[in-house]
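Here's the structure we're looking at; comments come further down.
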Amino acid sequence: ARVPDALRGDGILVVASSSEPDADALRKVAAAALKELGIEAGDALHVSTGTAIPETATGKPVRRTLSEEFVAARSPIVTALPEQKSSTPTNGGVLGFVQRSFPGQEVGKNATFESLGGDSLGYIQFSLGFEKRFGALPSGWESLTVEQLERSVSDGRGGFWRHLESATLGRAFFMICIVALHLGTFMYSSNFGAAYFLFMLAGYSVSRFQWPEISRTGKVWTLLGTVSRVAVPSVLMIVAMQLWTRHFELKPLLLISNFFDPRQYHVAYFYFSEIYMQLLLIVAAIFSFRRVREMFRKWPMLCSTALLVASIAASHEIELYWDTNYLFHRTPHWCAWAFASGMVMASAAGRSLTIRALALAIVGIATVNHFGFTSAAYYVGGACAVLLFMPELTVPLPVKTVVGEIAGSSMFMYLSHAQVRNLVTRLFHAPMPWVSLICAIGFGVLYARCYGWAEATAREFAGRHWNWPGKRTPPAPAHT
């Protein structure tokens with residue numbers, strides 16, 4: 001890991017989780033390896049043995065945390081330049097771009113997408129905006145510091161061909177399937193299933209983007225931030241529709257409409273968003289226990305599998321006492337297995353072929369248990385296989401841009417597609433399902449862009465004038 005050095009600017013830290021070999025032996029081996037690379041590190045080489053190495057959900061070492069712990073432990077000895085922080089965006093460069101992406105927060109050179117509370121909702125828009133301005137992002141960029149991202153820009157990465165993540169493609173594809181089904185454009189499956197894969201992606205994203213920060217700090221504020229980012233646009237849309245129709249309904253405004261008979265609502269309610277937020281709150285409650293975090297840190301795949309089994313068992317027991325058929329099973333306990341399945345896949349991502357095959361088998365069994373051998377199971381199972389074994393696809397830049405825009409605006413497309421259909425029907429005096437689908441996609445992208453601009457402006461204003469909802473400084477690292 002890279003650490004600050006008063007003389008050279010950068011030093012090298014070598015950490016071993018085992019106490020053998022001892023520090024002197026480790027130093028000799030590390031110095032010899034560096035010498036082969038043409039580097040004479042001298043006293044800029046630091047070693048540590050018997051140290052717990054923090055890892056991401058996919059088993060990768062979190063070097064940034066090791067560097068921060070090293071600086072904190074040796075601050076009387078190692079002198080580093082103070083990190084410049086500012087809640088006021090700079091004019092240009094990567095730092096300015098990140099500050100504008102997280103308005104109202106203090107963003108410095110050591111900040112990362114993860115430490116700033118980034119999630120799947122902001123991941124796609126951030127990556128699209130970054131690549132449009134600076135060129136292609138390196139793999140695993142979400143855990144890189146601003147300074148490291150700046151160096152990746154200087155590497156001149158770019159070109160016509162780009163890496164498109166399968167998770168992004170799956171999110172765009174299945175949201176189009178859901179919208180097309182609701183608009184009567186086409187039926188992708190006789191027993192559906194797209195919403196469950198999106199819940200899988202939600203669990204996958206939590207483990208990938210947010211769990212590293214939760215594990216590092218012991219705080220679940222990043223999950224609560226995602227809940228707020230879903231709740232605000234959902235409530236605003238419901239308020240707008242109720243004002244337009246002059247018909248007041250309380251339960252949709254409280255985001256609990258999925259727990260009551262859907263036939264009593266006459267304006268707008270968004271049960272998918274409600275279930276998504278409820279699942280996030282449940283996971284936040286689970287991760288708020290230190291012992292649970294320690295277990296997930298040591299055995300991520302085993303614990304995710306245990307959570308999946310517990311979700312299936314809990315759903316079965318709850319249905320014995322509360323038959324949710326009249327709700328069309330639009331409840332968090334009915335969908336929790338999908339969320340946990342996503343966490344299983346995230347814990348296996350990037351690991352050996354055997355581990356990924358095991359994860360696919362576990363998720364496949366859960367999928368067949370829920371759907372049986374039906375078209376929905378084939379759709380979901382196939383998408384899971386692609387996610388595990390083809391995490392990235394190489395596509396032309398325009399294709400990545402289009403898919404990214406659709407995936408990044410999927411929530412807004414979901415919130416507005418029914419209203420777009422009604423408008424198209426009034427204009428053409430007929431349903432026009434294909435026209436409705438195209439218009440719903442286009443309006444969803446426009447809606448997402450406008451809302452993103454309005455939210456950034458409001459957050460920046462609030463952070464500058466009221467210091468709330470947060471000139472939030474990323475929490476200090478939790479030392480092992």
Side-chain angles (χ1 to χ4, degrees), residues 56 60 63-64 84-169 171-172 201 205 208-210 212-213 222 225-226 229 391-412 445-446 448-457 459-460 474:
T56 67
K60 297 179 182 178
R63 291 177 173 84
R64 171 175 54 84
Q84 298 298 318
K85 295 184 179 181
S86 173
S87 60
T88 303
T90 58
N91 291 328
V94 173
L95 179 59
F97 176 83
V98 177
Q99 288 172 338
R100 285 188 290 273
S101 300
F102 293 92
Q105 296 192 39
E106 293 184 347
V107 180
K109 290 280 189 177
N110 290 330
T112 68
F113 181 83
E114 291 173 348
S115 67
L116 291 169
D119 54 24
S120 62
L121 298 176
Y123 176 85
I124 299 172
Q125 290 297 341
F126 184 98
S127 60
L128 284 176
F130 186 98
E131 293 196 338
K132 182 179 180 180
R133 181 169 178 182
F134 302 108
L137 279 161
S139 298
W141 63 265
E142 64 274 7
S143 60
L144 298 181
T145 65
V146 172
E147 189 173 10
Q148 291 169 330
L149 287 176
E150 286 177 342
R151 285 204 295 269
S152 76
V153 171
S154 64
D155 289 342
R157 303 173 187 271
F160 180 72
W161 296 94
R162 298 292 174 87
H163 293 298
L164 173 65
E165 294 194 354
S166 298
T168 302
L169 178 61
R171 183 172 179 174
L201 285 182
S205 298
R208 178 183 174 187
F209 300 123
Q210 296 171 292
E213 188 68 12
T222 178
T226 302
R229 284 190 284 275
E392 288 186 342
L393 307 172
T394 302
V395 299
L397 176 59
V399 173
K400 179 174 182 176
T401 301
V402 171
V403 173
E405 289 285 0
I406 294 173
S409 59
S410 57
M411 180 178 69
F412 297 91
V445 172
L446 179 62
R449 287 289 184 178
C450 293
Y451 182 86
W453 173 84
E455 181 188 34
T457 302
R459 284 180 179 272
E460 184 178 344

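Positions are given from 1 along the sequence. Every value quoted in this text rests on a predicted model; they were computed, and no experiment measured them.
- For E165, the side chain to side chain donor-acceptor pair (under 3.5 Å) partners are Y123, R208, not counting sequence neighbours.
- In this structure, F412 and L446 have side chains that are not in contact, with every pair of non-hydrogen atoms separated by 4.5 Å or more.
- The salt bridge (charged side-chain N to carboxylate O under 4.0 Å, His left out) search around E131 returns R162, K400, not counting sequence neighbours.
- Contact detail for G404 and I124: the closest heavy-atom pair is O-CG2, 3.1 Å.
- The minimum heavy-atom distance between G129 and F97, with the atom names listed, is C-CZ, 3.5 Å.
- Considering all non-hydrogen atoms of both residues, L201 and A167 come closest at CD1-O, 3.6 Å.
- Looking at L169, V399, V403 one by one, the single match for side chain to side chain contact (heavy atoms under 4.5 Å, CB included) with L393 turns out to be L169.
- T168 is not listed as a side-chain neighbour of R171, based on a closest heavy-atom distance of 4.5 Å or more.
- Using a 4.5 Å cut-off on side-chain heavy atoms (C-beta onward), V98 and F126 make contact.
- Side-chain N or O atoms of Q210 include one that pairs as donor or acceptor with a backbone N or O of T222 at under 3.5 Å.
- To the nearest 0.5 Å, atom CG of residue L397 and atom CG of residue L164 are 11.0 Å apart.
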- Derivation and outcome, side-chain contact (heavy atoms from CB on, under 4.5 Å), residues F130 and V94: CA-CA 8 Å; F130 186 98; V94 173; 3.9 Å; yes

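- We find that E405 and R449 are joined by a salt bridge, their nearest charged nitrogen and carboxylate oxygen being less than 4.0 Å apart.
- Applying the salt bridge (charged side-chain N to carboxylate O under 4.0 Å, His left out) rule to E392 yields no partners; only residues at least two apart in sequence or on another chain are considered.
- Put simply, OG1 on T112 and CD on E147 are 13.0 Å apart, with the number rounded to the nearest 0.5 Å.
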